[in-house]
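Take a look at the structure below.
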2 protein chains.
Amino acid sequence: MTARTSHDTAREIPEATVARLPVYLRALTTLSEVGTTICSSEDLAAAAGVNSAKLRKDLSYLGSYGTRGVGYDVDYLRYQIAREMGATRDWPVVIVGIGNLGHALANYSGFRSRGFRVVALLDADGQRHGEVVAGVVVRPFRDLRGIVREHGVAIGVIATPAASAQDVADQMVGAGITSILNFAPTVLNVGADVAVSKVDLSKELQVLAYHEQRKATQETA
Amino acid sequence: MTARTSHDTAREIPEATVARLPVYLRALTTLSEVGTTICSSEDLAAAAGVNSAKLRKDLSYLGSYGTRGVGYDVDYLRYQIAREMGATRDWPVVIVGIGNLGHALANYSGFRSRGFRVVALLDADGQRHGEVVAGVVVRPFRDLRGIVREHGVAIGVIATPAASAQDVADQMVGAGITSILNFAPTVLNVGADVAVSKVDLSKELQVLAYHEQRKATQETA
DNA sequence: AGGAGTTTGTGAACGCGAGAACAAAATCAC
DNA sequence: GTGATTTTGTTCTCGCGTTCACAAACTCCT
Ligand SMILES: NC(=O)c1ccc[n+]([C@@H]2O[C@H](COP(=O)([O-])OP(=O)(O)OC[C@H]3O[C@@H](n4cnc5c(N)ncnc54)[C@H](O)[C@@H]3O)[C@@H](O)[C@H]2O)c1
Ligand SMILES: NC(=O)c1ccc[n+]([C@@H]2O[C@H](COP(=O)([O-])OP(=O)(O)OC[C@H]3O[C@@H](n4cnc5c(N)ncnc54)[C@H](O)[C@@H]3O)[C@@H](O)[C@H]2O)c1
């Protein structure tokens with residue numbers, strides 16, 4: 001692979017690599033906060049919890065940002081990853097369904113610090129309208145279209161019950177949203193041009209329980 | 001592959017398959033609630049949002065629970081998957097860090113309905129002690145050891161800030177917990193006999209932002 | 001300047017998972 | 001009963017991701 005210039009962003013980055021870049025970004029931020037200016041792939045891999053060869057290969061998809069015999073400049077590499085990920089710009093986000101989870105998400109400072117700005121909190125329940133959460137007022141769900149247009153929102157978060165999720169997704173797509181983060185335990189049907197990411201909290205617990213179960217049955221065997 | 005009897009649980013199930021079993025379980029529950037008694041692999045695959053060949057291969061790791069030319073008995077298959085996953089028994093769980101996210105998790109009914117019972121809510125902040133969330137009182141973090149022993153807790157959930165997460169994990173392991181679900185954005189260092197599952201909500205958003213970014217730069221190219 | 005020591009970037013081997021395709025097994029029609 | 005039809009369980013192939021291993025490239029010391 002030849003060297004890449006900073007404006008050469010055309011190459012495909014494997015999905016598995018993309019999923020790890022945020023982890024590297026966080027590890028670099030931590031290193032930077034502790035005053036580290038240079039780090040080796042070994043150091044960074046340990047901080048990110050991955051194999052160092054994998055880390056180097058991942059970074060090689062972005063370009064050649066290290067120095068052999070030395071390592072990586074922490075802040076420089078961090079900027080390069082952030083730029084590639086789109087983390088150097090601000091992403092307006094709407095959250096739909098301001099119940100238990102929606103409140104937690106709205107209050108989460110980690111989104112803001114990573115470039116996501118909650119521009120609206122929407123709920124179908126009139127009882128919730130007018131409530132202010134983390135400085136943002138809860139508004140009716142029907143305001144979705146106007147908000148998306150006004151702020152150029154591309155990313156929507158669904159935190160409604162499963163029964164409403166498909167309907168909410170349809171309206172989001174209709175309003176112009178092209179990426180959805182879904183917390184409801186349902187499979188969403190959307191067009192191929194819409195990206196859906198699903199977070200299933202109880203699935204994670206169920207997988208852990210499976211391994212516990214296996215450990216137990218193997219011991220008694 | 002030969003037929004398997006119901007007590008033959010020794011075979012290794014691929015991790016990718018284990019991760020999908022909860023999805024199948026949920027799809028089967030939905031089908032059952034609508035009154036469906038028999039379904040084909042095609043039906044179930046559509047409900048779960050996967051390829052039907054993949055579904056059949058996944059199920060074949062558990063045993064041969066379908067009937068050729070007919071399909072699967074919904075309730076029977078659901079029971080078999082639940083048994084394999086350990087979902088037929090009750091799993092006591094402790095949640096540590098009852099802030100924004102901890103409150104949402106404590107209030108989440110989906111855990112209970114899938115066999116997880118929150119036996120304790122723990123927080124280091126004395127201000128929070130005594131508060132009742134979803135019928136469970138918030139107690140001091142130092143009670144962890146006693147609670148784990150008393151209830152035989154194997155699974156712990158970490159919802160504290162990142163700075164405290166490693167310490168909480170160490171104490172959990174010391175108290176006898178062997179599976180941890182971590183919501184803090186940190187890599188946890190634990191022994192090889194402890195399973196850690198990490199849920200990183202902002203990572204998911206960052207991956208979506210990356211794809212949005214790519215779409216945008218490709219259009220302008 | 002040159003050699004010793006480090007660390008990156010990448011070619012190559014390997015293993016796992018996804019999906020196509022098909023044989024085996026069950027039902028149904030008559 | 002027998003053939004047509006349906007649907008499962010499994011084999012086979014392909015591609016992706018992980019990891020090893022090493023040459024290339026850089027620094028540091030003398
Ligand atoms: N609370 C958790 O920790 C947790 C964990 C895992 C998954 N989830 C999932 O996240 C989702 C939300 O959970 P929750 O505990 O916050 O539920 P909740 O009932 O507390 O909140 C849901 C909110 O969505 C609103 N809503 C319902 N239909 C709507 C619609 N069509 N348009 C707009 N808003 C609508 C409701 O008014 C309510 O405010 C659920 O699907 C749940 O399964 C929650
Ligand atoms: N809120 C969200 O939606 C969200 C989203 C993604 C990730 N997270 C992550 O989840 C974690 C919790 O987020 P939050 O918004 O609930 O934070 P929070 O500050 O509201 O709550 C943290 C709680 O942990 C308690 N705590 C701190 N140190 C502790 C210790 N050593 N032992 C026991 N308890 C301790 C605090 O007293 C507090 O009650 C954070 O790591 C955050 O990054 C939260």
Side-chain angles (χ1 to χ4, degrees), chain A residues 1-6 8 11-24 27-28 31 36-74 76-78 80-81 84 187 207, chain B residues 1-6 8 11-21 23-24 27-28 31 36-74 76-78 80-81 84 207:
Chain A
M1 183 176 295
T2 58
R4 301 182 64 197
T5 56
S6 61
D8 173 14
R11 189 177 297 101
E12 276 291 333
I13 298 181
E15 202 58 30
T17 297
V18 172
R20 281 187 294 267
L21 292 180
V23 182
Y24 302 154
L28 286 166
L31 287 174
T36 311
T37 58
I38 300 274
C39 72
S40 69
S41 63
E42 208 70 49
D43 298 338
L44 184 52
V50 300
N51 181 295
S52 70
K54 179 152 62 178
L55 168 74
R56 288 199 300 277
K57 177 153 278 196
D58 283 342
L59 295 183
S60 77
Y61 291 114
L62 309 188
S64 192
Y65 296 132
T67 309
R68 299 179 187 213
V70 179
Y72 300 93
D73 181 294
V74 172
Y76 178 62
L77 180 59
R78 183 159 64 124
Q80 293 298 342
I81 297 179
E84 187 79 31
V187 176
V207 172
Chain B
M1 184 177 292
T2 59
R4 299 182 65 198
T5 57
S6 62
D8 173 13
R11 189 177 295 101
E12 277 291 333
I13 298 181
E15 203 58 33
T17 297
V18 171
R20 282 187 293 268
L21 291 180
V23 182
Y24 303 153
L28 285 167
L31 287 174
T36 311
T37 57
I38 301 275
C39 72
S40 69
S41 64
E42 208 70 50
D43 298 338
L44 185 51
V50 300
N51 181 293
S52 69
K54 181 155 60 178
L55 168 74
R56 289 198 299 278
K57 178 172 273 199
D58 283 342
L59 295 183
S60 78
Y61 291 114
L62 309 187
S64 192
Y65 296 132
T67 309
R68 299 179 187 213
V70 180
Y72 300 93
D73 182 294
V74 172
Y76 178 63
L77 180 59
R78 182 161 64 124
Q80 293 299 343
I81 297 179
E84 187 79 31
V207 171

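Treat the numbers as computed from the prediction; the structure is a model and nothing was measured. So that the names make sense, note that chain A is the first sequence line, chain B the second, and so on, each numbered from 1. Computed over heavy atoms, backbone and side chain alike; hydrogens, waters and symmetry mates excluded.
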Check: Taking all non-hydrogen atoms of both residues, which atom of A/L55 and which atom of A/S41 are closest, and how far apart?
Finding: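 Result for this residue pair: CD2-O, 3.1 Å.
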Check: At their closest point, which heavy atom of B/I38 faces which heavy atom of B/T36, and how far apart are they?
Finding: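 Closest pair (atom of B/I38, atom of B/T36, distance): O-CG2, 3.2 Å.
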What is the separation between atom [atom1] on [X] and atom [atom2] on [N], rounded to the nearest whole Å?
| X | N | atom1 | atom2 | value |
| --- | --- | --- | --- | --- |
| A/L55 | C/dT10 | CG | C1' | 14 Å |
| B/L77 | D/dT7 | CG | C1' | 14 Å |
| B/E42 | C/dA21 | CD | P | 14 Å |
| B/I38 | C/dT27 | CD1 | P | 11 Å |
| B/Y61 | C/dG17 | OH | C1' | 8 Å |
| B/I13 | C/dC16 | CD1 | P | 16 Å |
| B/L62 | D/dT10 | CG | C1' | 15 Å |
| A/E15 | D/dT18 | CD | P | 12 Å |

OP1, OP2 of [N] versus side-chain N and O of [X]: anything below 4.0 Å?
| X | N | answer |
| --- | --- | --- |
| A/S40 | C/dT7 | no |
| B/N51 | C/dA20 | yes |
| A/T67 | D/dC26 | no |
| B/Y65 | D/dT7 | no |
| A/Y72 | C/dG9 | yes |

In terms of side-chain heavy atoms of [X], which of [options] is nearest?
| X | options | value |
| --- | --- | --- |
| A/K57 | D/dT19, D/dG17, D/dT8 | D/dT19 |
| B/R68 | D/dT8, D/dC26, C/dG9 | D/dT8 |
| A/S64 | D/dT27, C/dG9, D/dG17 | C/dG9 |
| A/A16 | D/dG17, C/dA18, D/dG9 | D/dG17 |
| A/S60 | C/dA20, C/dG9, D/dA21 | C/dG9 |
| B/R56 | D/dG17, C/dA21, C/dT8 | C/dA21 |

Next item on the list: Please examine the side chains of A/I81 and A/L59, heavy atoms only from C-beta on, and report whether any two atoms are closer than 4.5 Å.
Entry: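 A side-chain contact under 4.5 Å exists here.
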Check: Does B/Y72 reach the side chain of B/L28, with side-chain heavy atoms less than 4.5 Å apart?
Finding: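 No, every pair of side-chain atoms sits at 4.5 Å or beyond.
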Next item on the list: Take A/V50 and A/R20 through the side-chain contact (heavy atoms from CB on, under 4.5 Å) test and state the conclusion after the steps.
Entry: CA-CA 9 Å; A/V50 300; A/R20 281 187 294 267; 4.2 Å; yes
